[in-house]
Amino acid sequence: NFYPTYDQYVSYMQGFAAGFPSICRLDTLGLTTQGRLLLAVKLSDSVNVNRRKPEFFYTSTMHGDEVCGYILMLHLIDSLTSGYGSVSRITDMLNNYQIYINPLANPDGTYHGGNNTVNGAQRYNANGVDLNRNFPDPADGPHPDGNAWQDETKAFMHYDTIHHFVMSANFHGGSEVVNYPWDTWAKLHADDTWMQFIAREYADTAHLHSPAGYLTDLNNGITNGYAWYRVTGGRQDYTTYFQYGREATVELS
């Protein structure tokens, strides 16, 4: 329940894998521009093999100063590892799915002020690039922001390629809304009804467990991305279009 130092974060991620080796594996996706680790854990009862169970991916804080999801993803890993075998819902999840969680997608931005504090965190990576504008875009091509793919971008593109994430959620912060594809096009996704359904399920569940007024931005907590404002080069549309996944962007506080 506090923002860890960078070294504490790495230690936590290593500790989850070491403490629960039968259900938790630590993956290194790559290194950032400044050499920090991009980490994710795999959670499953078949943690060291791929048994063709559905793969889900959760990632947070690609904008380095949007740190709420960073802590929540650490809590999620803790809940799933500690609840396996004693909480039936969690046990069923890990027995039937492969869940991957990356709490911190832009450690250079989060620890822009140094490894010992999130004070001074910035939105961008160490090169001053907005990572959520740096992915190939279905409408605007491979480099919509005019920048080369960053080390962080390439690491996540590779991780997406070697897996088959049927669903994913990308956690941001500031507004309180679930944003569903597309961000780059006014036209609706072919599965727009389904996209709205899963966004509404998330928002309505949050309403049940939150103070009044939480996650009620735009259409009572959900929005089509383009209808809100256009984003090109976002990871949501890249994953959904090029990797044939279904990704939503969850903005929380």
Side-chain angles (χ1 to χ4, degrees), residues 1-20 23-29 32 34 36-43 56-84 87 90 93-94 99-125 130-132 152 155-156 159 168-179 202-203 205-211 213-217 221 235-236 247-253:
N1 292 317
F2 60 91
Y3 294 114
T5 67
Y6 170 72
D7 290 337
Q8 285 174 326
Y9 165 62
V10 173
S11 179
Y12 289 153
M13 295 293 279
Q14 293 170 338
F16 289 130
F20 301 91
I23 58 168
C24 184
R25 184 190 77 203
L26 182 62
D27 288 348
T28 299
L29 284 65
T32 67
Q34 294 182 333
R36 294 185 178 92
L37 293 165
L38 295 168
L39 299 173
V41 294
K42 176 186 177 183
L43 299 163
F56 290 73
F57 188 40
Y58 300 91
T59 177
S60 182
T61 313
M62 66 189 306
H63 289 151
D65 57 354
E66 298 175 11
V67 290
C68 184
Y70 173 26
I71 302 302
L72 291 180
M73 292 301 101
L74 289 171
H75 272 291
L76 180 58
I77 298 169
D78 182 56
S79 295
L80 294 177
T81 51
S82 62
Y84 183 76
V87 180
I90 291 175
M93 288 168 64
L94 269 60
I99 300 172
Y100 298 77
I101 303 174
N102 158 249
L104 184 57
N106 181 11
D108 288 358
T110 297
Y111 293 102
H112 180 66
N115 282 348
N116 292 327
T117 180
V118 300
N119 187 33
Q122 66 172 11
R123 177 183 180 92
Y124 309 100
N125 78 342
D130 187 331
L131 296 177
N132 205 37
E152 297 88 345
F156 280 95
Y159 204 60
S168 50
N170 183 356
F171 290 88
H172 288 248
S175 297
E176 297 172 5
V177 68
V178 183
N179 179 112
Y202 185 101
T205 303
H207 297 158
L208 288 175
H209 299 279
S210 303
Y214 181 74
L215 208 85
T216 56
D217 287 354
R235 221 205 70 177
Q236 170 183 275
E247 181 162 305
T249 302
V250 184
E251 301 265 0
L252 42 75
S253 69

Could you check N132 against N170 for side chain to side chain contact (heavy atoms under 4.5 Å, CB included), going step by step and ending with a plain yes or no?
-> CA-CA 10 Å; N132 205 37; N170 183 356; 4.3 Å; yes
Are there more than 12 heavy atoms of other residues, nucleotides or ligands under 6.0 Å from atom OH of Y124?
-> no
Can you tell if the side chain of Y6 reaches within under 4.5 Å of the side chain of L37, non-hydrogen atoms only?
-> yes
To the nearest 0.5 Å, how far apart are CD1 in I77 and SG in C24?
-> 7.0 Å
Is there side-chain contact between L39 and T28, with at least one heavy-atom pair below 4.5 Å?
-> yes
Hey, are H63 and N106 close enough side-chain-wise for a donor-acceptor pair under 3.5 Å?
-> no
Give a yes-or-no answer on whether the side chains of S253 and E176 include a donor-acceptor pair shorter than 3.5 Å.
-> yes
Note: A105 and L38 closest approach over all heavy atoms is O-CD2, 3.5 Å
Residues T81, V41; criterion side chain to side chain contact (heavy atoms under 4.5 Å, CB included); working and verdict = CA-CA 11 Å; T81 51; V41 294; over 6 Å; no
Euclidean distance, L104 CG relative to Y70 OH, rounded to 0.5 Å | 5.0 Å
P4 and V118, any side-chain heavy atoms less than 4.5 Å apart | no
What are the two closest non-hydrogen atoms of S60 and G69, and how far apart are they?
-> OG-C, 3.0 Å
Compare every heavy atom of I90 with every heavy atom of G83, then report the nearest pair and how far apart it is.
-> C-CG2, 3.9 Å
Side-chain touch L74/Y9, heavy atoms, less than 4.5 angstrom | yes
Under the 3.5 angstrom rule, does the side chain of N115 hit a backbone N or O of T5 as a donor-acceptor pair?
-> no
Within a reach of under 6.0 Å around NE2 of H172, are more than 12 heavy atoms found that belong to other residues, nucleotides or ligands?
-> yes
N/O donor-acceptor pair under 3.5 Å between T61 side chain and E66 backbone = yes
Looking only at atom types and distance, does a side-chain atom of N179 sit under 3.5 Å from a main-chain N or O of T249, one as donor and one as acceptor?
-> no
Check T32 against P107 and note the closest heavy-atom contact, atom names and distance.
-> CG2-CG, 3.5 Å
From CD (Q8) to CE (M13), nearest 0.5 Å = 14.5 Å
Could you give me the CA-CA distance, side-chain angles and deciding distance for L26 and F16, then say whether side chain to side chain contact (heavy atoms under 4.5 Å, CB included) is met?
-> CA-CA 8 Å; L26 182 62; F16 289 130; over 6 Å; no
With no hydrogens and no angle check, is any side-chain donor or acceptor of S11 less than 3.5 Å from a backbone partner on D7?
-> no
When rounded to the nearest 0.5 Å, the distance separating CD1 of I99 from CG of L43 is 6.5 Å
Donor-acceptor side-chain pairing of D27 and Y159 below 3.5 angstrom = yes
Do T117 side-chain atoms and N119 backbone N/O form a donor-acceptor pair below 3.5 Å?
-> yes
Rounded distance (nearest 0.5 Å) linking atom CZ of R123 with atom NE2 of H112 = 14.5 Å
Side chains of F57 and K42: closer than 4.5 Å at any heavy-atom pair?
-> no
Might you point out which heavy atoms bring Y111 and R36 nearest each other, and give the distance in Å?
-> O-NH2, 3.5 Å
Determine yes or no for a side-chain-to-main-chain donor-acceptor pair under 3.5 angstrom, with S210 supplying the side chain and H207 the backbone.
-> no
Could you tell me whether the side chain of F156 reaches within less than 4.5 Å of the side chain of L131, counting heavy atoms only?
-> no
M73 versus F171, closest heavy-atom pair with distance | CE-CE1, 3.6 Å
State, with a plain yes or no, whether a side-chain heavy atom of Y12 is found less than 4.5 Å away from one of D78.
-> no
